[in-house]
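Working notes for the structure below.
What you see is a predicted model, and the numbers here were worked out from it, not measured in a lab. Counting starts at 1 for both ligands and their atoms, in listed order.
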Amino acid sequence: MAATTVYKEPAPRVDAENPLESMMSRFNVATEILGLDDETYNVLKAPDKQIIVHIPVTMDNGKVRVFEGYRVVHNTILGPSKGGIRYDKNVHLDEVKALAAWMTWKCAVVDIPYGGAKGGIICDPTTMSAGEIERLTRGYTLAMKDVFGPDRDIPAPDMGTGPREMAWLMDEFSKTVGATSPAVVTGKPLVMGGSLGRTEATGRGVMVSALAAMKKLGMDPKQTSAAVQGFGNVGSWAAKLLSEQGVKIKCISDVSGAYWNENGINIDEAVAYKNVHKGRLDGYTGATLMDNADDLLTSEVDLLVPAAVEDVITEHNAHDIKAKLIVEGANGPTAASADPIINEKGIMVVPDILANSGGVTVSYFEWVQNRQGFKWSEDMVTERADRIMNEAFEKVYATSQKYNIPMRIAAYVVAIDKVAQTYKFRGGF
Ligand SMILES: NC(=O)C1=CN([C@@H]2O[C@H](COP(=O)(O)OP(=O)(O)OC[C@H]3O[C@@H](n4cnc5c(N)ncnc54)[C@H](O)[C@@H]3O)[C@@H](O)[C@H]2O)C=CC1
Ligand SMILES: O=C(O)CCC(=O)C(=O)O
């Protein structure tokens with residue numbers, strides 16, 4: 001690592017929030033601190049490759065609709081690229097590029113032997129039948145058959161996808177290579193090579209890193225209140241596991257709105273409710289529906305866990321945040337424009353590339369188990385994942401202390417330093 005340099009806030013952005021620009025402004029600050037050479041900077045600033053496909057799908061009404069899909073491979077110097085696939089109507093290429101780069105930094109922060117990639121399809125899975133989603137997933141897999149592979153690029157779930165889609169992807173890919181290929185994708189159903197602990201892994205990592213941060217801040221989990229935005233895979237598991245640690249979850253939300261209960265929400269009850277209401281909280285009566293869902297972000301809680309979409313914390317609402325600690329379950333929930341405000345307020349942020357890395361860590365374990373042909377016990381998965389999360393947290397924390405920089409920039413410094421050192425050893429450009 002280069003000698004210490006002065007920390008500069010990422011430049012505020014004047015246009016609408018764009019996750020790629022947010023990622024790049026933090027990247028620029030971290031590379032300056034590291035004194036990164038121009039060659040490595042130029043290699044890392046752009047993705048290795050980006051693939052755009054158009055997938056024709058016969059819809060249930062007999063008409064053919066063409067969907068646009070992406071896979072961006074940001075970097076593979078540390079190993080095969082790894083990253084989820086998002087199904088959402090708001091997917092766009094800049095977002096996928098940012099998400100792919102974040103995967104490179106995330107895998108480096110937790111020191112697992114992967115590069116970074118991400119995929120996405122512009123679609124609204126909530127309005128599609130299972131058959132339509134299956135045909136779309138198989139079409140996308142066929143279009144990406146030369147990109148994916150256990151030693152090349154290994155997808156996983158992200159927003160709007162889960163074990164069901166990963167099973168179809170694995171099946172379709174296996175047909176193209178003429179052999180069952182479980183290690184081509186992670187987040188699969190348990191019966192077909194999924195790992196114990198993967199479903200809850202991201203939320204668990206959020207809980208583990210929140211506890212580590214609370215310890216540094218002298219916060220007692222049992223005296224801590226929290227708001228969790230997003231009640232999908234990451235948000236619901238983070239809320240459940242934090243509440244099991246004694247944290248009072250006063251607010252949860254999803255696309256249907258935000259729900260507040262001063263006395264704490266019974267998370268098991270809320271999960272049971274959403275499970276029988278098409279995955280949504282509409283009509284949930286264990287808490288009061290707030291007038292404005294965005295008020296969750298500025299509510300009177302100690303801990304804020306944004307676990308839904310990008311760019312929800314911005315220069316416009318950061319001033320009003322009351323929480324002392326933000327633990328980012330989502331990728332990119334804080335726009336770079338909010339960084340100076342949050343830092344000025346002295347709020348500790350456990351950044352996305354650290355806080356939500358429990359998911360990819362257990363995905364790595366799944367891939368290892370598939371290649372070993374040997375299933376690990378849940379205890380083994382959990383103990384190893386928690387250890388990795390805690391070690392990564394301590395490394396990032398120590399870096400933030402050493403350079404007197406926020407945790408987010410420290411995480412980028414740790415990640416970029418590892419990638420840059422690997423380039424030095426491997427050479428090749
Ligand atoms: N699933 C995983 O293992 C990982 C996911 N992530 C990130 O976590 C975030 C959430 O992903 P998942 O939980 O997997 O997705 P999901 O599809 O399971 O759930 C998304 C949740 O967010 C809610 N939501 C969407 N827009 C919202 C808004 N504007 N306000 C409030 N709630 C909103 C949805 O209603 C749903 O409850 C994403 O940023 C994803 O990239 C990060 C690491 C791993
Ligand atoms: O589990 C994985 O491989 C990747 C999960 C993911 O997409 C993410 O961490 O953002």
Side-chain angles (χ1 to χ4, degrees), residues 19 80-91 95-96 98-107 109-110 112 114-120 125-126 153-163 165-166 183-188 194-195 197-206 227-239 251-259 270-271 274 277-282 290 292-297 305-313 328-334 351-367 385:
S81 48
K82 188 85 187 82
I85 301 171
R86 178 171 293 195
Y87 287 2
D88 190 79
K89 53 185 188 305
N90 297 317
V91 163
E95 176 190 46
V96 183
L99 289 161
W102 281 323
M103 287 308 305
T104 303
W105 314 139
K106 193 181 300 188
C107 294
V109 163
V110 281
I112 57 179
Y114 286 141
K118 202 82 175 199
T126 63
D153 179 36
I154 308 143
D158 190 73
M159 263 176 66
T161 59
E165 288 74 18
M166 301 306 114
V184 70
V185 63
T186 60
K188 299 178 292 294
S195 177
R198 175 61 185 91
T199 307
E200 58 271 45
T202 310
R204 185 172 176 86
V206 168
V228 180
Q229 184 187 51
F231 210 61
N233 174 281
V234 181
S236 65
W237 276 104
C251 196
I252 57 175
S253 76
D254 69 1
V255 278
S256 72
Y259 303 80
V271 169
K274 107 170 167 154
H277 290 86
K278 299 187 176 159
R280 294 170 57 123
L281 289 165
D282 314 62
M290 292 166 83
N292 181 353
D294 291 341
D295 288 347
L296 173 145
L297 299 163
V305 181
V309 289
E310 294 102 53
D311 292 332
V312 293
I313 299 174
E328 296 183 334
N331 286 304
T334 307
D352 45 10
I353 57 172
L354 171 61
N356 71 32
S357 59
V360 74
T361 299
V362 177
S363 274
Y364 166 56
F365 295 165
E366 179 172 330
W367 179 79

Region of Ala201 that comes within reach of ligand 1 [heavy atoms, distance under 4.0 Å]
neither

Within the 4.0 Å heavy-atom shell around Ala307, which atoms of ligand 1 are there?
9 (C), 10 (C)

Do ligand 1 and Thr202 have nitrogen or oxygen atoms that lie under 3.5 Å from each other?
yes

Counting distance only, does the side-chain N/O of Asp254 pair as donor-acceptor with the main-chain N or O of Phe231 below 3.5 Å?
no

Which residue and non-hydrogen atom of the protein lie closest to atom 13 (O) of ligand 1, and at what distance in Å?
Val234 N, 2.9 Å

Mind running side chain to side chain contact (heavy atoms under 4.5 Å, CB included) on Lys118 and Asn331 for me, showing each step along the way?
CA-CA 12 Å; Lys118 202 82 175 199; Asn331 286 304; 3.7 Å; yes

For ligand 1, which atoms sit closer than 4.0 Å to a heavy atom of Met159?
10 (C), 11 (O), 15 (O), 17 (O), 38 (C)

Rounded to the nearest 0.5 Å, the CE atom of Met103 sits from the OG atom of Ser81 at a distance of 9.5 Å

When rounded to the nearest 0.5 Å, the distance separating CG of Leu281 from OG of Ser256 is 5.0 Å

Please answer whether the main-chain N or O of Ile85 pairs with a side-chain N or O of Thr161 as donor and acceptor at a distance below 3.5 Å.
yes

Does ligand 2 have any N/O pairs with the protein under 3.5 Å, and how far apart?
unit_1: ligand 2; atom_1: 1 (O); unit_2: Arg198; atom_2: NH2; d: 2.9
unit_1: ligand 2; atom_1: 1 (O); unit_2: Ser363; atom_2: OG; d: 2.6
unit_1: ligand 2; atom_1: 3 (O); unit_2: Lys82; atom_2: NZ; d: 2.7
unit_1: ligand 2; atom_1: 3 (O); unit_2: Ser363; atom_2: OG; d: 3.4
unit_1: ligand 2; atom_1: 7 (O); unit_2: Gly84; atom_2: N; d: 2.9
unit_1: ligand 2; atom_1: 7 (O); unit_2: Lys118; atom_2: NZ; d: 2.7
unit_1: ligand 2; atom_1: 9 (O); unit_2: Lys106; atom_2: NZ; d: 2.7
unit_1: ligand 2; atom_1: 10 (O); unit_2: Lys106; atom_2: NZ; d: 2.9
unit_1: ligand 2; atom_1: 10 (O); unit_2: Lys118; atom_2: NZ; d: 2.7
unit_1: ligand 2; atom_1: 10 (O); unit_2: Asn331; atom_2: ND2; d: 3.0

Would Gln229 and Leu297 satisfy side chain to side chain contact (heavy atoms under 4.5 Å, CB included), going step by step from the backbone distance to the final call?
CA-CA 8 Å; Gln229 184 187 51; Leu297 299 163; 4.1 Å; yes

Nearest protein heavy atom to atom 7 (C) of ligand 1, by residue and atom, and its distance?
Asn331 ND2, 3.6 Å

Find all atoms of ligand 1 within a distance of less than 4.0 Å from any non-hydrogen atom belonging to Ser253, and give their numbers and elements.
31 (C)

Side chain, backbone, both or neither: which applies to Asn233 and ligand 1 if a contact is any heavy-atom pair less than 4.0 Å apart?
both

Side-chain heavy-atom pair Pro19, Trp102 within 4.5 angstrom cut-off
yes

Evaluation steps, side chain to side chain contact (heavy atoms under 4.5 Å, CB included), between Thr126 and Lys89:
CA-CA 10 Å; Thr126 63; Lys89 53 185 188 305; over 6 Å; no

Pull out every atom of ligand 1 sitting under 4.0 Å from any heavy atom of Val309, numbered as shown with elements.
26 (N), 29 (N)

How far is atom 33 (C) of ligand 1 from the closest protein heavy atom, and which atom is that?
Ala308 CB, 3.5 Å

Using side-chain heavy atoms (C-beta onward) and a distance below 4.5 Å, is Arg280 in contact with Lys274?
no

At under 4.0 Å between heavy atoms, is it the side chain or the backbone of Glu310 that contacts ligand 1, or both, or neither?
neither

Give the atom numbers and elements of ligand 1 that come within less than 4.0 Å of a heavy atom of Gln229.
30 (N), 31 (C)

How many angstroms lie between NZ in Lys106 and CD1 in Ile353, if you round to the nearest 0.5 Å?
8.5 Å

Begin with the C-alpha distance, continue with both residues' side-chain angles, and end with the deciding distance and a verdict on side chain to side chain contact (heavy atoms under 4.5 Å, CB included) for Glu95 and Arg86.
CA-CA 10 Å; Glu95 176 190 46; Arg86 178 171 293 195; 2.9 Å; yes

Closest heavy-atom approach to atom 25 (C) of ligand 1 among Val312, Val362, Val255 is made by Val255

Tell me: protein heavy atom nearest atom 36 (C) of ligand 1, and distance?
Gly232 N, 3.8 Å

Does Arg198 approach ligand 1 within less than 4.0 angstrom via side chain, backbone, both or neither, non-hydrogen atoms only?
side chain

Got an N/O contact under 3.5 Å between Asn356 and ligand 1?
no

Any luck finding a side-chain donor-acceptor pair between Thr186 and Lys82 under 3.5 Å?
yes

Roughly how far, to the nearest 0.5 Å, is CE of Met290 from OH of Tyr259?
11.5 Å

Give yes or no for whether the N/O distance cutoff of 3.5 Å, strictly under, is met between Gly235 and ligand 1.
no

Nearest-0.5 Å distance that lies between atom CH2 in Trp237 and atom OG1 in Thr199
7.5 Å

Ligand 1 contact on Arg86 by region, counting heavy-atom pairs under 4.0 Å
side chain

Does either side chain, that of Thr202 or that of Asn356, offer a donor lying less than 3.5 Å from an acceptor on the other one?
no

Do any heavy atoms of Gly160 fall under 4.0 Å from ligand 1?
yes

Side chain or backbone, does Gly359 bring an N or O within less than 3.5 Å of an N or O on ligand 1?
no

Does one side chain, of Arg198 or Ser363, offer a donor that lies under 3.5 Å from an acceptor on the other?
yes

With only distance considered, is Asp158 within less than 3.5 Å of ligand 1 through an N or O on each side?
yes

